[in-house]
Every structure is written in C-alpha cells, then in structure tokens.
Number of protein chains: 2
Amino acid sequence: MANDTCIRLQADIEQIKSCREKLKSNSKSFLQLGQVLALAGNEVRLKILFLLEEENELCPCDLSDILGMSIPAISQHLRKLKDGNIIEARKAGQTIFYSLRSEHLKTLRPFFKFINQQNLATV
Amino acid sequence: MANDTCIRLQADIEQIKSCREKLKSNSKSFLQLGQVLALAGNEVRLKILFLLEEENELCPCDLSDILGMSIPAISQHLRKLKDGNIIEARKAGQTIFYSLRSEHLKTLRPFFKFINQQNLATV
DNA sequence: TTTGTATTTAAGTATTTGCTTAAATAAGTA
DNA sequence: TACTTATTTAAGCAAATACTTAAATACAAA
C-alpha cells in the first residue's frame, strides 16, 4: 500500500468518494459472492456442481470415475464446497451422497444456464 | 490418478457414462466459464468489475484510491482481466481508462444483480 | 472377528497467486 | 531539454492451491 503517486490530478473526488461508499455498503456481498465464485472458479469444482445439478446427487466414488481423478482429490474438492455451504451430504450405508444446497441455487443457476445454452449453440 | 478402489459396486454404469458424455460435449463451456469465474472469484477483481459496471470506466489510479491498494497491485489485476478479455482499455493522454467488454456482460450481470439485491435487502 | 469397501484425513510437494519494491515506459509540462 | 505524472513491467517472496501417497476411520459382509 505504498502512497506513491495517486491520487491523480484530474481525478473526480466526488466519484471516488461515492465509489468507496458503494463498496462499503456492499462489503458483505462482495465477501460472500467472492467466496462462491472462487469455489466455482475451479474447473473441477464447476463440473462437480454442474453434475450435482443434473443428477441430483452423486458420491465421491462416482465423481472420481466420471472426472477421471483420484478419490482423495475429489474428496478434498467436496470438502471445500461443503465448507462453503454450497453442497450437503447424505449418508446411505457406507456411501455418502452429495447434493446442492437450495440456498445457493439462485447464484449458481445462471452458470448452468450458460453451459446449457452454449451446448445448444455449438451443436 | 491412482486407480485405487473405484468404481463402486452398486454404481449406476449408465449414469456414469451419461455424465462423462455431458462433460465432454460441454468441455469448451467449462473451460471458458471456469476462467471467467476464476477471475471474478477474487474479491479485489470482483469489486473492480462491479465498479466498472457502475461507473462505466475508471483508470488504475482511481481504482487504487478507491480500493486502498498500490497501483502496481491494481495494474496486475487489470492485466489479468484484460488477458481474460473481460475488460478493455482506452487511452486519453497519459491516463488509461478501463471498461467492461460487452461480450461478457451477460455472464457478469447476475453477479451485479445479486450484489444490488443484497444491498436492498440489508438496508 | 477378519476382510473388504467407501470415504476422509494427513503430510509432502510443485505450482500458482497476490502482493511488495524498484526499475522501465510513455506522455504531458516547464 | 529536463521534470513530473500515469502506468506497466520485472523480480522476489509468503501464502494459498491442487494434487500425490500413505494412513486412518466407518460401515458391511463373510
């Protein structure tokens, strides 16, 4: 945070002040949305989320097969998604089924929509 | 990619096959969307994108003031967004104004909408 | 109880990320 | 021309990320 040169001479001080306030009043949203986007911004996790939306629920073993990745790698991605409250777990015997939490569906649905639209466009 | 244990005994082979195909036919979308989400998944860059949407265009110096960060730090974030084709630059004298590229607005708008909705909800 | 299956956890590591400081460009001004 | 301003680039570094392998946990069946 070196105070080198700024602020610039012709800067619109009012604009800068207003921007600072906008950030401040939305700070919670930026943190919250940023976390969800950071999780979805990994290609493996994006695929996992997409598959959970499509199939309703899947277990780590199935995801490992589908994505061609090791089980621990999948499990660690699932933990991140679970820690971020994006997915939840259901136990059935020794199998654990993961599914999307409805609270975040509103945020995620535009992504899925985008993917399905792209698919229609290219086929 | 250790082939440790999977696939599980009661796995639905058809489901796994169908999922693999879904991923394959959408592979371009996952790559593309994943890159945009990875860029937006950083809180600083999310704020920059939000501000560019609100203010139309801003220069690195203004963003540095608004966000309270060094100019090089801002500049490097802007370069990432530019490399990802999310923003574009316009030169005016020695000042460079950055703005959102319209192609990606469709993907980004739900985020801004979310932020503004949250703001309404909490005020 | 032993064995096998499904999953998680832990430790190690190579790569990426996001900043820092210092130097390099580029364009206006004196 | 030299000096300031706006921005980028480069090098260095601490922290985070995403995998690996090996060990631990939990449940079910023989």
Side-chain angles (χ1 to χ4, degrees), chain A residues 1-12 16 30 34-35 37-49 57-84 87-99, chain B residues 1-12 16 30 34-35 37-49 57-84 87-99:
Chain A
M1 246 213 268
N3 248 350
D4 265 319
T5 35
C6 266
I7 61 180
R8 85 182 207 280
L9 291 180
Q10 303 116 308
D12 180 341
I16 288 177
F30 286 116
Q35 284 170 344
L37 294 181
L39 287 170
N42 172 283
E43 212 181 319
V44 173
R45 287 193 295 266
L46 184 61
K47 286 175 179 171
I48 290 176
L49 293 174
E57 58 178 18
L58 288 166
C59 66
C61 179
D62 289 343
L63 286 167
S64 159
D65 282 330
I66 295 165
L67 291 163
M69 292 178 61
S70 75
I71 309 228
I74 295 290
S75 179
Q76 283 159 30
H77 280 301
L78 288 171
R79 183 171 50 176
K80 287 197 173 189
L81 291 171
K82 202 179 160 208
D83 288 348
I87 63 172
E88 60 192 358
R90 173 180 78 87
K91 216 167 189 172
Q94 33 183 353
T95 307
I96 296 175
F97 288 102
Y98 286 92
S99 55
Chain B
M1 247 217 269
N3 248 349
D4 264 319
T5 34
C6 267
I7 62 179
R8 84 183 207 279
L9 291 180
Q10 305 115 305
D12 179 342
I16 288 177
F30 285 115
Q35 284 171 344
L37 294 180
L39 287 170
N42 172 284
E43 213 181 318
V44 172
R45 287 192 295 265
L46 184 61
K47 286 175 178 171
I48 290 176
L49 293 174
E57 58 179 17
L58 286 166
C59 66
C61 179
D62 289 342
L63 286 167
S64 159
D65 283 330
I66 296 165
L67 291 163
M69 292 178 60
S70 76
I71 309 228
I74 294 290
S75 178
Q76 283 158 31
H77 280 300
L78 289 171
R79 182 171 50 178
K80 286 195 175 188
L81 292 171
K82 202 180 161 206
D83 288 348
I87 64 172
E88 59 192 0
R90 172 179 80 86
K91 215 167 188 172
Q94 35 182 352
T95 307
I96 296 174
F97 288 102
Y98 285 92
S99 55

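A, B, ... follow the sequence lines: proteins, then strands. Residue 1 opens every chain. Because only heavy atoms are used, hydrogens play no part in the values below, and waters and symmetry mates are left out as well, while side chains stay in.
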Peer 1: Please state whether the phosphate of dA6(D), meaning OP1 or OP2, lies under 4.0 angstrom from any side-chain nitrogen or oxygen of Thr95(B).
Peer 2: no

Peer 1: Nearest 0.5 Å, what's the CZ-CG distance between Phe97(B) and Asp62(B)?
Peer 2: 7.0 Å

Peer 1: For Ala73(A) and for Arg79(B), locate the closest nucleotide of DNA chain D by heavy-atom distance; then report the residue assigned to the nucleotide nearer the 5' terminus.
Peer 2: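 Comparing both residues, the 5'-ward one is Arg79(B).
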
Peer 1: What's the closest nucleotide to the side chain of Ile71(A) if the choices are dC27(D), dT8(D), dT7(C)?
Peer 2: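 Of dC27(D), dT8(D), dT7(C), dT7(C) is nearest to the side chain of Ile71(A).
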
Peer 1: Which part of the nucleic acid does Tyr98(B) contact within heavy-atom distance under 4.0 Å: base, sugar-phosphate only, or nothing?
Peer 2: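 Sugar-phosphate, no base atom in range.
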
Peer 1: Tell me which nucleotide among dA6(D), dC19(C), dT8(D) gets nearest to the side chain of Gln10(A).
Peer 2: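 The listed nucleotide nearest to Gln10(A)'s side chain is dA6(D).
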
Peer 1: Please give, in whole Å, the distance from dT21(D) C1' to Met69(A) CE?
Peer 2: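 That distance rounds to 15 Å.
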
Peer 1: Measure NE2/His77(A) against C1'/dT7(C) and give the value in whole Å, please.
Peer 2: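 It is 16 Å, rounded to the nearest whole Å.
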
Peer 1: Rounded to the nearest 0.5 Å, how far apart are CG of Asn42(A) and NE2 of His77(A)?
Peer 2: 5.0 Å

Peer 1: Nearest-Å distance, CD (Gln94(A)) to C1' (dT25(D))?
Peer 2: 12 Å

Peer 1: Just to confirm, is there a sub-4.0 Å distance from OP1 or OP2 of dT7(D) to any side-chain nitrogen or oxygen of Ser75(B)?
Peer 2: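 Ser75(B) to dT7(D) OP1/OP2: no side-chain N or O under 4.0 Å.
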
Peer 1: Whole Å only: how far is the CD1 atom of Ile87(A) from the C1' atom of dT7(C)?
Peer 2: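 About 13 Å, once rounded to whole Å.
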
Peer 1: Quick one: pull up CZ in Arg45(A) and NZ in Lys80(A) and give me the separation to the nearest 0.5 Å.
Peer 2: 5.0 Å

Peer 1: Please report, rounded to the nearest Å, how far the P atom of dA6(D) is from the CG atom of Leu78(B).
Peer 2: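 In whole Å, dA6(D) P and Leu78(B) CG are 16 Å from each other.
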
Peer 1: Classify the side chain of Gln76(B) versus the base of dT20(C) as yes if they form a donor-acceptor pair under 3.5 Å and no if they do not.
Peer 2: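 Yes, a donor-acceptor pair under 3.5 Å.
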
Peer 1: Select base, sugar-phosphate, or nothing to describe what Lys80(A) touches, counting heavy atoms under 4.0 Å on all strands.
Peer 2: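 Touches sugar-phosphate only.
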
Peer 1: Of the non-hydrogen atoms in Ala38(A) and Gly41(B), which two are nearest, and what is the gap between them?
Peer 2: CB-O, 3.3 Å

Peer 1: Rounded off to whole Å, could you give me the NZ-to-C1' distance for the Lys47(A) and dA18(D) pair?
Peer 2: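 To the nearest whole Å, that distance equals 15 Å.
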
Peer 1: Return whichever of Gly93(A) or Ala38(A) has its heavy-atom-nearest nucleotide of DNA chain D closer to the 5' end.
Peer 2: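 Mapping each residue to its closest nucleotide by heavy atoms, the 5'-most match is Ala38(A).
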
Peer 1: With a cut-off of less than 4.0 Å, is there a side-chain N or O of Asn42(B) near OP1 or OP2 of dG18(C)?
Peer 2: yes

Peer 1: Roughly how many Å is it from CD1 in Ile48(A) to P in dT7(C), rounded to a whole number?
Peer 2: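 Roughly 13 Å, once rounded to whole Å.
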
Peer 1: Ile48(A) versus Ile87(A): any side-chain heavy-atom pair under 4.5 Å?
Peer 2: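 No. Closest side-chain heavy atoms not under 4.5 Å.
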
Peer 1: Can you tell me how far P of dT5(D) sits from NZ of Lys91(B), to the nearest Å?
Peer 2: 19 Å

